[in-house]
Amino acid sequence: MGMLAASAFLASPQAPAGRRSVSGAWTLRLRPAAYPGAGTLRLHNFVPKCYIANIEVDVSTVSKEEDFDDQPSLPPGCSIPVVNLRGDVLDSSPFSLHDRASCPSDFEELPVLSEGEQHTLASTPAHPAGLYALYASYLFGNLVEQLWNFAWPAALAILHPSLLPVAIVGFFTKLSVFIGAPIVGKLMDHFPRIPMYTALNAVQVSTQLISAATVIYALKNLSHASTTAVVLRPWFIALVAAGAIERLAGLALGVTMERDWVVLLAGTNRPVALAQANAVLNRLDLICETVGASVFGLLLSKYHPVTCLKIACGLMICSFPVLVMLGQLINRVSCHALDSSRTATDESICIDLLDVSKIVQNSLSAIKHGWNEYKQQTVLPASAATVFLNFNVALAPGAIMTALLMHRGISPSIVGAFSGLCSIMGLVATFISSSLVKRVGILKAGAAGLIFQASLLSVALAVYWAGSISQTTPLLIFLSSIALSRLGHMSYDVVGTQIVQTGVPASKANLIGGMEVSIASLAELVMLAMAIIANDVSHFGFLAILSVSSVAGAAWMFCRWLTNPTDEQRELFMFDPLYQVQAM
């Protein structure tokens with residue numbers, strides 16, 4: 001009531017200006033509308049353009065005093081409250097109100113949006129121009145990154161027939177993400193967004209160039225050598241170090257754009273717009289993954305690997321100024337929404353985190369701090385479900401599935417068609433997810449995606465254990481179930497990201513996002529170790545059971561979280577249809 005009274009007072013041209021008392025409190029004196037026959041103070045009408053948002057009102061001091069000059073007297077029992085606003089609550093910065101001449105003498109009706117207008121508002125981004133600039137930056141940066149992610153393992157495969165060099169680089173890449181993601185996330189939360197974005201792009205491009213230089217050197221100078229001789233060379237050690245730093249910088253850029261920037265530009269209170277923005281980012285990621293691999297594969301088919309790597313280096317060098325310019329453009333067209341004020345303590349934290357002599361101490365402290373913050377989040381089950389999905393390495397398109405199919409004598413054309421179908425399903429899921437959010441809300445959409453994926457993977461597991469997948473019909477059911485399950489997987493990937501975006505405060509978005517990536521990398525390391533132990537194709541059934549169990553566990557955990565909501569959870573998702581129906 002105090003908030004409404006303060007807003008109505010400031011909107012009314014008949015109300016006198018607030019007077020500052022000697023004690024330092026702001027006293028607002030409200031007068032009734034001056035028109036004949038006014039017997040009560042009516043608060044059902046408000047001026048739609050004259051308002052103040054996010055102001056706290058202290059109504060602890062209420063008196064029944066004040067004489068009204070030239071105003072009709074009120075009947076007994078109708079008092080006019082004097083609302084005192086504490087001086088420390090008011091913002092010292094001035095605020096602008098519309099010209100008093102534009103405000104009518106009486107309170108106007110408070111506008112209430114219709115259901116259609118509410119849906120339109122929920123679907124309209126807060127900064128649409130900024131989102132389009134974000135899409136351009138994400139597309140260009142991700143295209144170069146995906147091209148390089150395909151280029152370096154292809155070049156190493158040409159350099160040496162063993163899979164060990166690629167496996168070593170991949171292992172240390174995952175390890176660096178597990179260790180470094182929390183400290184980088186914490187640093188990003190205490191550093192201005194645009195300078196941090198520029199620095200991360202500089203680090204990523206520099207390490208990509210260093211990695212390319214080491215591989216080019218090896219292609220030019222390395223003759224036939226044993227695997228041990230290759231992995232102990234200085235150039236390979238430099239490649240491992242640069243590759244680890246490059247992946248960490250790339251994931252940090254992904255976290256800051258997918259968990260922080262897109263939320264600010266789309267609007268946290270506009271769920272449909274945020275779901276559509278997340279879907280677009282996922283589509284761009286899938287497109288870049290396909291195009292990047294295709295482009296470099298086409299270059300390898302026509303040119304020498306050294307020439308292809310030099311072309312890739314040229315793209316990397318050109319990408320840096322373009323990405324920096326796009327980052328500035330995003331901020332400019334979104335009315336500087338990415339600018340954030342930093343306190344003096346934040347600067348000291350940044351200096352301490354960047355101290356090389358304390359890198360081990362800071363890393364351990366960041367992991368401990370990140371874990372403590374991560375497990376206290378209201379949306380922890382939704383994030384944990386995403387981590388559980390990373391345990392599914394068997395019943396998904398990838399190296400293990402490809403090895404299984406080739407070992408069973410499946411035609412390479414079928415294997416290629418299966419991979420392409422999985423990519424198409426992932427792309428289709430980005431369209432389905434935003435439609436689901438619009439129809440049933442983000443919570444039910446997330447549950448639907450997980451249950452759908454777990455059900456189809458269970459079918460695939462049953463077919464595998466029931467008979468030989470070398471036969472045509474069981475094989476088609478097996479592969480179709482896995483491909484269709486990607487609809488649920490990618491749908492939850494989009495929806496789960498939005499749930500975490502909604503539940504995590506902006507001040508901790510990068511820390512929590514980095515911690516989630518770190519734990520997901522640990523999950524992949526665990527499954528990689530399991531695959532190394534069960535390296536025979538005959539053990540695929542064991543890996544498939546682990547994969548189905550992880551997805552089913554994610555679905556159970558998420559659904560249990562929905563059916564047993566806390567008060568904080570209900571408040572956080574108060575506008576979701578699931579809890580609105582339960583409230584009724």
Side-chain angles (χ1 to χ4, degrees), residues 141-160 162-185 187-188 200-216 218 227 230-256 258 285 288-289 292-293 296 309 312 316 359-360 363 366-367 370 386-387 389-393 396-400 513-532:
N142 207 16
L143 183 61
V144 176
E145 181 179 324
Q146 293 294 345
L147 187 146
W148 175 244
N149 288 342
F150 182 82
W152 72 262
L156 284 183
I158 294 173
L159 185 66
H160 198 277
S162 174
L163 294 178
L164 185 60
V166 176
I168 291 176
V169 175
F171 176 82
F172 281 98
T173 294
K174 299 293 184 184
L175 186 62
S176 69
V177 171
F178 170 65
I179 296 175
I183 190 171
V184 174
L187 183 64
M188 288 190 297
L200 287 174
N201 274 297
V203 170
Q204 185 179 30
V205 171
S206 300
T207 50
Q208 286 174 345
L209 292 174
I210 293 173
S211 300
T214 59
V215 177
I216 290 174
T227 304
V230 169
V231 298
L232 294 179
R233 295 289 180 90
W235 67 266
F236 186 78
I237 297 175
L239 173 63
V240 171
I245 298 174
E246 185 274 335
R247 189 82 300 269
L248 183 59
L251 284 175
L253 282 169
V255 167
T256 193
E258 296 172 7
D285 187 40
C288 290
E289 184 177 351
F296 196 81
L309 288 174
M316 297 171 195
I359 186 170
V360 177
S363 298
I367 292 175
T386 301
V387 174
L389 295 182
N390 286 275
F391 283 97
N392 178 23
V393 296
I400 295 179
M515 197 65 207
E516 181 183 304
V517 170
S518 175
I519 299 175
S521 296
L522 178 62
E524 292 178 358
L525 283 174
V526 171
M527 289 305 292
L528 180 61
M530 297 294 293
I532 293 174

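Nothing fancy with the numbering, it's 1 onward along the sequence.
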Check: Got a sec, which residues hit salt bridge (charged side-chain N to carboxylate O under 4.0 Å, His left out) with E246, two or more places apart in sequence or on another chain?
Finding: none
Once side chain to side chain contact (heavy atoms under 4.5 Å, CB included) is applied, do any residues pair with [X], and if so which ones, sequence neighbours excluded?
| X | value |
| --- | --- |
| I519 | W371, Y374, V387, M515 |
| A212 | W148, C313 |
| I216 | K220, V306, L309, K310 |
| I158 | L300, P305 |

What's the separation between atom [atom1] in [X] and atom [atom2] in [Y], rounded to the nearest 0.5 Å?
| X | Y | atom1 | atom2 | answer |
| --- | --- | --- | --- | --- |
| T214 | I237 | OG1 | CD1 | 11.5 Å |
| L147 | Q208 | CG | CD | 9.5 Å |
| T173 | I168 | OG1 | CD1 | 11.5 Å |
| I179 | F172 | CD1 | CZ | 10.0 Å |
| L248 | S521 | CG | OG | 9.5 Å |
| I183 | M188 | CD1 | CE | 11.5 Å |

Item checked: For the student: nearest non-hydrogen atoms of V169 and L239, plus distance ->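 Closest approach of V169 to L239: CG2-CD2, 4.4 Å.
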Checklist line | Closest heavy-atom pair and its distance - L253, T256 | finding: O-CG2, 3.1 Å
Check: Hey, is the main chain of G514 close enough, under 3.5 Å, to the side chain of S518 for a donor-acceptor pair?
Finding: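 No; judged by distance alone, with no hydrogens or angles, the pair does not exist.
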Note to self: Using only atom types and a distance under 3.5 Å, with no angle test, would you say the side chain of S211 pairs donor to acceptor with the backbone of T207?
What the structure shows: yes
Check: So R247 and L251, side chain to side chain contact (heavy atoms under 4.5 Å, CB included) or not? Walk me through it.
Finding: CA-CA 6 Å; R247 189 82 300 269; L251 284 175; 3.5 Å; yes
Notebook entry, point to check: Are K174 and V177 close enough that some pair of their side-chain heavy atoms sits under 4.5 Å apart?
Noted result: no
Next item on the list: May I have the step-by-step check of side chain to side chain contact (heavy atoms under 4.5 Å, CB included) for V203 and I245, ending in yes or no?
Entry: CA-CA 8 Å; V203 170; I245 298 174; 3.8 Å; yes
Note to self: Restricting to side-chain hydrogen bond (donor to acceptor under 3.5 Å, both in side chains), what partner residues turn up for N142, sequence neighbours left out?
What the structure shows: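 side-chain hydrogen bond (donor to acceptor under 3.5 Å, both in side chains) list for N142, sorted by chain: D285.
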